[in-house]
Structure formats: structure tokens, C-alpha cells
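Letters A, B, ... mirror the listed sequences (proteins, then strands); counts begin at 1.
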Protein chains: 2
Amino acid sequence: MRNKKRAVTIQDVAKAAGVSVSTVSRVLNEKVDVAQDTQERILDVIKQLGYTSNLAARSMRGRHSHLIGLIIPDIGFPYSIEIMKGVNQAIAQSDFGLMVYTTGDIQKNATASLEQHYVSLLNNSITDGVIIVAPIAQDFYSDGPIVSVDPHKMKPNFPSVHANNYEGARQAIKYLIELGHTRIGFIAGRPELESAERRLRGYRDTLVEFGLPLDESLIVQGDFTQKIAVGCAHQLLTMENRPTAIFAGNDQSAIGVYEAAEELGFDIPGDLSVVGFDNIPEAGYLNLTTIDQFLTDMGRVATEMLIQLINQKPLETLTYRMQTELIIRGSCSPIFQEALHETKSAL
Amino acid sequence: MRNKKRAVTIQDVAKAAGVSVSTVSRVLNEKVDVAQDTQERILDVIKQLGYTSNLAARSMRGRHSHLIGLIIPDIGFPYSIEIMKGVNQAIAQSDFGLMVYTTGDIQKNATASLEQHYVSLLNNSITDGVIIVAPIAQDFYSDGPIVSVDPHKMKPNFPSVHANNYEGARQAIKYLIELGHTRIGFIAGRPELESAERRLRGYRDTLVEFGLPLDESLIVQGDFTQKIAVGCAHQLLTMENRPTAIFAGNDQSAIGVYEAAEELGFDIPGDLSVVGFDNIPEAGYLNLTTIDQFLTDMGRVATEMLIQLINQKPLETLTYRMQTELIIRGSCSPIFQEALHETKSAL
DNA sequence: TTGAAAGCGCTAACAG
DNA sequence: CTGTTAGCGCTTTCAA
């Protein structure tokens, strides 16, 4: 017995209250120049009729909707979920609502022009500003402000929060070396991505730093997908002098490594150490992860940045580079100092 | 260097292509009555100008937006996340986009009238239909279809996907009994909620079924919050003949039980077995959970139902009651290992 | 095959 | 303090 009744409009409210639509609009927008009793009467009618203002109409006409958009490839991913948690935290403490937009498929999101499309879709209509996660695009046209989390391009033309991929990889490799590993495999990511390139550089530099030999056959080209990573891991694990540890590139690749290890009868972590990146492991799933609370922090900081932007409070710095320790380059506004401090002390 | 340029409208496209807005609108909506070359020219201009149609304006005028709304209290919750994953799966296989709406705060969502507000907000404007998670309301007014996941009311006046709370509780209690427990505490949920009532009934019936005494002092009134559960657990654990196991009502309550157990110096699961409900535990966090993949399935099924409704394909059944499976996760005391093992292999 | 024009529900001048 | 009115960008008759 679902009600299909035509939605009640501001017109209906006006009629029922015996006033004009503009008067109703006034009380809706909390303008001051309305008589006390008129206002009360209208509020009553609104409650009575169960009126909810039409979001589409309102954002078409008015200045802001108090809505923030989050454009995220696939909300089922651990990576996305952790970022969403952070956004959520910041939203909870603000008076903004959150619209998460997703196509449900990470593949569909993979072009710059589609990214632009989503940004326009939200920011030119119903949202006051947008957070976009892991964009490929270098630039966006938009009516409202944009902040990106973990963009693939190194120096995007919009405010952004970056993972410190280089330092993260260094820490991961350092960890493996300290475990006693001397032959560490590396599954590289898509070479056109900044993140992949910097992780690889972190790998090389750390080996050199610790005086370990740089065996190029230990570096195989992956593409951040599970499928390809299975093959890469096979290649590494069946070579003559096999590595005892593998840096898996990212979370998807790590899953691939596990798959391959299982096929080949390797025990993890007994026979093989695996390091992921970007991943939030299930219990016992990976035996090391480099990012955790960190992703949440990225989401939170990005949201706080966006709210500042929407409220026209200019940011002193538009790029934040975050690490397992939040690393901030250049000067920044007080609110982010605090985030920095919190995160550091939480670790 | 962010672009603040005014968004390009259908007017701009029309002007640039030397046609009227209606013609542009026609190609946008894939009407057939447009000349081949006109269409191509317009499509070209659209690409050139980077035009994206205004979502607000379009959904104000047109019939559908190909957007599904998901109203969910707090996207940071494991409960919400699992459901979202399922929705996401279904969305990925459809040609709908997904808008997740949240206020970021589970508290703000807790009244029927607010729920109605969110439904109207989305369904009277930008979405073609809405999925609402765990609503309290019995009924909704809405322009578009609604499907609810895990509603609190037993027989809501809209299509819904229910957890089988009764059977879930029975399985949990049965599991505890099979572990050898004879005194099992029960922290009840908010009595006005169907879910709470059915879980309690499952508890009682199972004890009776196994010939165990029904000690009313083992049932304490909680409200599905962590805070209150701490007190409940205290009460249970400090009574003369204390229970050796506790059914914690829901995930929040389970956290409360853990908190109390820790305060009192109890070891879980050494001294005490705890069963949660609704929860996805972190590693070793709870030693038993009833729901996992199940929540994801609920989300997926709800989305599939909604899409059917939007496409005007009538559903044969408007209520799906889904079976809860008992899934054991995390640590468990050695004396229970055997039973744990059996249960696992049964799945 | 196309254009002109009427509105969708709302806000923001501008009058009164 | 309140009403009238002009659009926001779009879809959809209705004519041409």
C-alpha cells in the first residue's frame, strides 16, 4: 500500500496557509522579515502536510544545498571504505550532508573525461563542492570547489591530499629487510601513474641504502590488478633463486600474490612475506599493511579542506602530502595543524 | 588554477550548433526524430564544450534520472558497509548510478519523520527510487518506489528485505548450548523493535527446546547501545550464579559486553563466550558473529527489487525474509575449538 | 525534422 | 511585512 500521491510543493503549503509562495520560501530559508504568527502558521502547515522542499528545484535556483559530493570508484573496496569513513567523520561534525556518487564499477571511472562528467554532474547541480578519489585527470572544470584524495597525477591543478608513496614503499621495504630478507620481489604498477613510479623508486633507493644488490629480474611489471599479479607472482616464485619476500604493489596485486602462493603451495608468512599497499587486511589476510588509519585521515582532511573552500576560507596550501605520519609540505591553516597533530600522536 | 567558469548549458550547446534547445534535448534523450547530420553535429559540440546536463534541471522536468538513492545512517559502520557492498554489486551490473545519502550521524536518522524527510528529499527530486536501511517508520509517502533493508517494523507498508532475526538468535543460542553453556545471559534490545522482540523469542524457544531452565534474571533490558550494554553486562557478570555466555543483542551491545568484561577482569573467550549480532568483527574482536556475507546479500537483493519496481515489473513477493547463517570468526578458547571447527566445516 | 513556448518547484529581486 | 514576477536548465507538447 505504497503512497503514490503527488509530492506536496511549496504551492500547496502556500495555499493551505493562505499566503504566497515567497512567504513560504522565506520561512524555509529562515529569513527574518516574516511576522511571528505567519511563520508559525506556515511551519504548522509544513509539518501537517509533510512538506519537504524539492532538492532539484532548490539547488537550481539557490546558492547552496549544504551537500557535499563524494565521487568514488567502487564503494565495496576496502580502500574506498576507509576513505569514506574519514569523510563521514568530518561530515558528522559539520552541518553538511553527504552524497556519495558511484557507478559501482571501478572500471567505468577510469577515464579523465568520465571523471569530469561526474564532477560536473554533481557540482553543476546539487552539491556545493566535491571530493574526488584517485582521479586520473589533471584538471577539472567545475562550478564548485573540488578536493581530490590520492590523485594519480603528481601536481594536479586542484587542491589535493596525497599519499607519500615513496616514503611508504621505503618503510615497507625497510621492514622486510629488517626481517632478514635480502631478495625482495617487486611487482610494479601501471608505469604511467605517479604512485607506481614513486613506489618503485622507494624500493630501489631502500635496497641501495641498505647495501643490497639490485637484481632487475626481481622487478616484474604488473598493472595494479589481481589477475596480472598472479602471473607476476608465479614468475617470481618459480625463478631459480626465488625471492623470500614480495612487495605486491597495491592491494589488488597482493591478493594476486596470495592466489599464486597458494597454487604453488607456499605458506604465507612461513615461506614468504608479502607486503601490500593501500590495503586494509582482513584478519590474517596479509601479514603486513602499510596503510590503515591513514586512509581515513586522508578522507577526513580532504573533507575539512573542502568545507573551508566552500565557506570561502582560503587555504594557504592546496596540497597536503600524507604519510603513515601525516606529512604536510609548506604552511597550512590551523585546522590542519590539528589534524596533523592528532594523527601523529595516534600513531 | 581551478576553473570557475560558468557551467555550460543546453543553451550554449544549441547556440554553438545553430539549433534550438529542443533539438539538443532530443539528441540528449536519444529520440529518433533527429536528422543524422544534425545529431552528429550536436554530439560534436557537446564533446567540444564538455557539456554535462544539469542533474537538477533534468530531474525536475523529466521522468527518470537513472539514479538510485541509498539512505543509510552512518557509512562508517561495519553494518552499513556490508549492506553498501551488496547494493554496489547490484548497481555495477545495472545501468543505474548510485547516490548514497547520509547525514554522517546515526543519531540524526533515528526518527520516522526524518526518515520520511530523506525519502522525500531524494525521491521527489533526483532519484528514481530509494533503498532505506533499517527504517523505523511504518510507511512512507514518496513519488518513487522504496525498498527497505532490515526494517525495524515487522510488516512495513513497503517492499522490504528482512533478516531472519528469530532463526539467527536460535542458531546463536544453539551454538552456545552445544559449546556446553547452560547459563546464557541475554541483553535485550529496544522492546518496540521487531528485531529485538524476535531475537528474544529465539532465545527463549531455544532454551526450552534444549530443556534448559528459563531464568528470567539472565535477561536484562538493553537498548542496542554500547553504553547501556556495559551496565547490563556488569549486572550479569556480577550476579551470584553468573552466566558463562552472553548473547549481546547486537553489535553495539557486544562492544559494551567486551568493555564490561575487561573492567571486571574476565577473559574472553576463556571465561566467557560472547555472541553478537549484526556485527562484522575486527580480528579477534568478537569470538562469534552471526552475520557476514548475509548483510551484503540483503543489500544486493534490495537493489534488485528496487530496479524491478522502477522498471515497472511487478514483484511477486514484496517481502523477502533472508536466512541468517552463523559464521564463526576470530579467536576462540581451546575448549571450544572442536565445536568451532565443526561449525566452520558445516558452512 | 525542427522551433517556440509552457512550465517543473523554487528563490530573489522589486513593489507595495 | 507580504505578494508579484522573472527566471534557473531542462523536457515536452504543439505547430510549422
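Between the side chain of A:Ser22 and the base of D:dT4, a donor-acceptor pair under 3.5 Å is found. At a cut-off of 3.5 angstrom, counting only N and O atoms as typed in the model, there is no donor on one side facing an acceptor on the other between the side-chain of B:Arg61 and the base of D:dG9.
The closest donor-acceptor contact from the side chain of B:Asn123 to the backbone of B:Val119 lies at 3.5 Å or more, if one exists at all.
The interatomic distance linking A:Met60 (CE) with D:dA6 (P) rounds to 17 Å, in whole Å. Here the C1' atom of nucleotide C:dC8 and the CD1 atom of A:Ile10 are 13 Å apart, to the nearest Å. Atoms CG (A:Asn29) and P (C:dG9) sit 17 Å apart, rounded to a whole Å. Whole-Å rounding puts the A:Gln11 CD to D:dT5 P distance at 13 Å. Between the CG atom of A:Leu55 and the C1' atom of D:dC8 there is a distance of 14 Å, given to the nearest Å. To the nearest angstrom, C1' of D:dC10 lies 16 Å from CD1 of A:Ile126. Between A:Arg58 atom CZ and D:dG9 atom P there is a gap of 18 Å when expressed in whole angstrom units. Rounded to an integer number of Å, the gap from A:Asp143 CG to D:dC8 C1' is 12 Å.
Between B:Thr38 and C:dT2 there is a side-chain polar atom (N or O) within less than 4.0 angstrom of OP1 or OP2. Proximity of B:Asn54 to the phosphate of D:dC10: no side-chain N or O atom is located under 4.0 Å from OP1 or OP2. Remark: B:Thr23 is in phosphate contact with C:dG3, judged by side-chain N or O atoms under 4.0 Å from OP1 or OP2. Note on B:Ser20: a side-chain N or O is less than 4.0 Å away from OP1 or OP2 of C:dG3.
For A:Tyr51, taking side-chain heavy atoms from C-beta onward, the closest of the listed nucleotides D:dG9, C:dG3, C:dC10 is C:dC10. Here the side chain of B:Ala35 is nearest to one of D:dT2, C:dT2, C:dT11, namely C:dT2. Picking from C:dA5, C:dT11, C:dA13 the nucleotide with the shortest atom distance to the side chain of B:Val21 gives C:dA5. You'll find that the side chain of B:Val19 is closest to C:dG3, out of D:dG9, C:dC10, C:dG3. When distances run from any side-chain atom of B:Ser25 to the nucleotides C:dA4, D:dT11, D:dT2, the shortest one goes to D:dT11.
Residue A:Ser53 is classed as a sugar-phosphate contact, given heavy-atom separations below 4.0 Å to backbone atoms only. A:Ser125 comes within 4.0 angstrom of nothing in the nucleic acid, heavy atoms only.
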(Q) Could you go through A:Ile91 and A:Thr303, starting from their C-alpha distance and side-chain angles, then the distance that decides it, and tell me whether this counts as side chain to side chain contact (heavy atoms under 4.5 Å, CB included)? (A) CA-CA 7 Å; A:Ile91 291 293; A:Thr303 312; 4.0 Å; yes
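Checked by atom type, the side-chain pair A:Gln116/A:Ser120 shows a donor-acceptor distance below 3.5 Å. A donor and an acceptor atom, one from each side chain of A:Ser20 and A:Thr23, are located under 3.5 Å apart.
When all heavy atoms of B:Ile75 and B:Ser80 are compared, the closest pair comes out as CA-CB, 4.1 Å.
In this structure, B:Arg300 pairs ionically with B:Asp297, as a charged nitrogen and a carboxylate oxygen lie closer than 4.0 Å.
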